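Working notes, beginning with the structure itself.
Fair warning: this is a prediction, and the values are worked out from it, not measured in the lab. Note: hydrogens, waters and symmetry copies are ignored here, and every other heavy atom, side chains too, is used. So you know, we letter chains A, B, ... as the sequences are listed, proteins then strands, and number each from 1.
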Amino acid sequence: MRFSWSQDQQAFSDAVRELLAKEGTPLVVRAAWDAPPGHLDRGVWDSLDAMGVLAVLVPEAAGGLGLDETFLVPILEEAGRVALPHPIVETAMVAAPLLGAGIGMIASDLGGPLVPCAADADRILLHQGDTLAVTDGDAVELTAATTVDGARRAATLSTPRHPEVLTDDPAVIALALDRGALGTAAMLVGLGQAMLDLTVDYVSQRQQFGVPIGSFQAVKHHLTNAALALEFARPAVARAAWSVAQSTPTRARDVSMAKAMASDAAELVGRQALQCHGAIGYTVEADLHLYLKRTWALARAWGDTAHHTDRVTHALEADLPSA
Amino acid sequence: MDLTWSASEEAFRADAHRWLHTNVAQWRTDHGGEVASGDTREGFAQHLDWERRLFHDRWAVVSWPADHGGRGATLWEWLIFEEEYYRAGAPPRVTQNGIFLLAPSLFEFGTPAQQEGILRPMAAAEDLWCQGWSEPNAGSDLASVTSKARRVPGGWILDGQKTWTTRGAFCTHLFGLFRSDPDSARHRGLTYFLIPLDTPGVTVRGFGRLDGDEGFAEVFFDNAFLADDAVAGGVVLGEPEGGWAVAMATAGSERGLTLRSPGRFVVTAERLVALARDRGDPTLRRRAATAWMHAEAYQQQTLATVTTLAAGMKPGAEASLAKLWWSELDIELHQLALDLLGPDAELEGPWSKAWQFSLSGPIYAGTNEIQRNIAAERVLGLPR
């Protein structure tokens, strides 16, 4: 038993954190709000690709790193920490194990009908009836959606012409959905941590009544509640990474627990962060809204808390003897 | 990341499982099938009988060294034991305040003579220890204790009052904080004493808790002479005037996993999931799954904590987060139990008893308001 990332896993995600601190700044998120469809800047994306992040789950023989979800999950937490606008869950977590290395940028409707970065992606992974299929971006008509988080860059899709069917194996499709939910849960933990860190800094500096507002108990208790939710969501996500990597019998239950807890935790952190920022947080000039709005979107993408709680309910009820 | 148990850990689990299942059933049968609450006089005696069975077969203090009555179990094995313990429906530990609160401090601060003299009778449930910290005017503000100790030839004179002492009316010994330097203030000048309750001048009065059981006591010290050798190895734990550091080590144990390991919460949550399923109400079923997730998250977070402890790191202020989580989880679980019982929830019974007990969780071991301050200042680094 060793419930912590290995040195290799830690070193990899630390390297990604360092990269994203330089190249994944709030300016990159703001640029993603403003760039026209099809013109998402790929600077940071290409750097991540060069580090091998997009091919973590691809076997070495196929040009990937041949690693598992316990490597990718801490990296996705880092991507969440900077509210990375690019479809990294869709590409690295969901599509790469199906399509291999060097696949460019993949958007997908597996997480919901609003497809993030649909116009920016090289290809689109589709949940079509009982199949997974892939299509070129120009084989579908995109209708851009106006989303609360402008960096989502989401669109709805028309039925594609001649998509290439990848599989009709329900187990493969279920795994893809679980991977997407797990990756999104990791992003949410990172988003929550980013909002908590921003807020701790802010309340330690902001003075009212002649003292930092972080010295007030009401503010301390808000932020402890936020930290508490994250402290207990994070191990749920780590355990689910292990369950997916090892294909344990409780994989689906553990992924759903991770997504439900991460969604709830990040939303709670967001509420407390906004409240503790006060009016300054209630603007589009402060960076907080970049993380807050992504949190609201991701908390409901790849299955909301009700959906995942129901999956946990069914899994538990099936396993337990009568009371 | 490796979330599998080793073969020897699995073997340990199987041993614990076998012993517990046989002996819990036997103990209940021997007491007529119905065992009273351990916080009543009748029930306390029945629970002592259970504690002695545990000790006889070396399951009372699994993590202690063999020469103190344990089996030298690792922290991992201890967690496994706890999980099996509650899964087997074994009763609450009436010895817990000695074994889980005082003993860790004895291992850290006690002299070899104290360890030799105190630990084994504690594990055997011959000496029963209660905690004497709170006073009528010192609850969350523990550093404001005013009970006094005065050095005299051959011992100490104790004066003052302790209260809300869990199971004080049934115990034989008390560990407590006294102000030994009359000119001191706050956390300086406090000494951590080990006191037989039959010391002349010590009076114990039991009184009813919220749930009606005589689980509380107030303890009066009236010019009580505590001889230096009243407890084997000496009556002062740590240095005189160094009691605060010892108390804080004990508080860390109280807030963290030694007092409230995750097993009991996961087992309760599983029972509630099964009850909700059988009741069929979709809202209650979803609430049960949510409560189970919160219990399971505590289990996973504990595995992460134990991983750092097993690597030699000291427990820190994160224990405050754990205390907040398990105490509020316990209320969530029992609130749900009442809602599953519906109108029957007002009947006296194990669930209504446990519900009332759960309400004490955010109060004892430092109120949750204090824990939130500690976490904000020491985990998040917010200004005092």
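If you measure heavy-atom distances from A:Gln9 to chain B, the contacts under 4.5 Å come from the side chain alone. Heavy-atom distances place both the backbone and the side chain of B:Glu369 under 4.5 Å from chain A. Contacts of A:Ala306 with chain B are made by both backbone and side-chain atoms, with heavy-atom separations under 4.5 Å. Contact of A:Ala238 with chain B is made through backbone and side chain together, with heavy-atom distances under 4.5 Å. The contact between B:Trp76 and chain A is made entirely by side chain atoms (from C-beta outward), counting heavy-atom distances below 4.5 Å.
Residues A:Pro235 and A:Phe3 are in side-chain contact: their nearest non-hydrogen atoms beyond the backbone lie under 4.5 Å apart. Proximity of A:Tyr291 to A:Val82: side-chain heavy atoms (C-beta onward) are nowhere separated by under 4.5 Å. A:Leu65 is not listed as a side-chain neighbour of A:Phe71, based on a closest heavy-atom distance of 4.5 Å or more.
Comparing A:Met257, A:Arg253, A:Met261 by how many heavy-atom pairs each has under 4.5 Å with chain B, the most go to A:Met257. Interface summary for chain A: among B:Ala288, B:Pro282, B:Ala297, the most heavy-atom pairs under 4.5 angstrom belong to B:Ala297. Among A:Thr248, A:Thr70, A:Leu223, A:Asp197, the residue making the largest number of heavy-atom pairs under 4.5 Å with chain B is A:Leu223. Note on B:Glu9, B:Glu296, B:Arg384: by heavy-atom pairs under 4.5 Å with chain A, the leading option is B:Glu296. Among A:Trp5, A:Phe232, A:Phe216, the residue making the largest number of heavy-atom pairs under 4.5 Å with chain B is A:Phe232. Highest contact tally toward chain A, considering only B:Val379, B:Leu3, B:Leu321, is held by B:Leu3 [criterion: heavy-atom pairs under 4.5 Å]. In terms of non-hydrogen atom pairs under 4.5 Å with chain B, the most contact-rich of A:Val203, A:Asp264, A:Asn225, A:Val219 is A:Asn225. The choice from B:Asn368, B:Thr307, B:Asp2 that makes the most heavy-atom pairs within less than 4.5 Å of chain A is B:Asp2. Heavy-atom pairs under 4.5 Å with chain A were tallied for B:Arg285, B:Glu377, B:Glu270; the largest tally goes to B:Arg285.
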> Where do A:Arg311 and A:Asp254 land on the salt bridge (Lys or Arg N to Asp or Glu O under 4.0 Å) test, with the steps shown first?
Replying inline: CA-CA 10 Å; A:Arg311 290 217 318 168; A:Asp254 297 344; over 6 Å; no

>> side-chain hydrogen bond (donor to acceptor under 3.5 Å, both in side chains) for A:Gln205 and A:Asp201? Distances and angles first, verdict last.
In response: CA-CA 7 Å; A:Gln205 288 160 23; A:Asp201 284 349; 5.4 Å; no

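Geometrically, B:Arg71 engages B:Trp59 in a cation-pi contact defined by less than 6.0 Å to the ring centre and at most 45° from the axis.
Below 30°, between 30° and 60°, or above 60°: for B:His334 and B:Trp351 the angle between ring planes is between 30° and 60°, a tilted geometry.
Counted by atom type alone, B:His294 and B:Glu332 present one or more donor-acceptor pairs between their side chains at under 3.5 Å.
The two atoms that bring B:Ala16 and B:Phe81 nearest to each other are CB-CD1, 4.0 Å, heavy atoms only.
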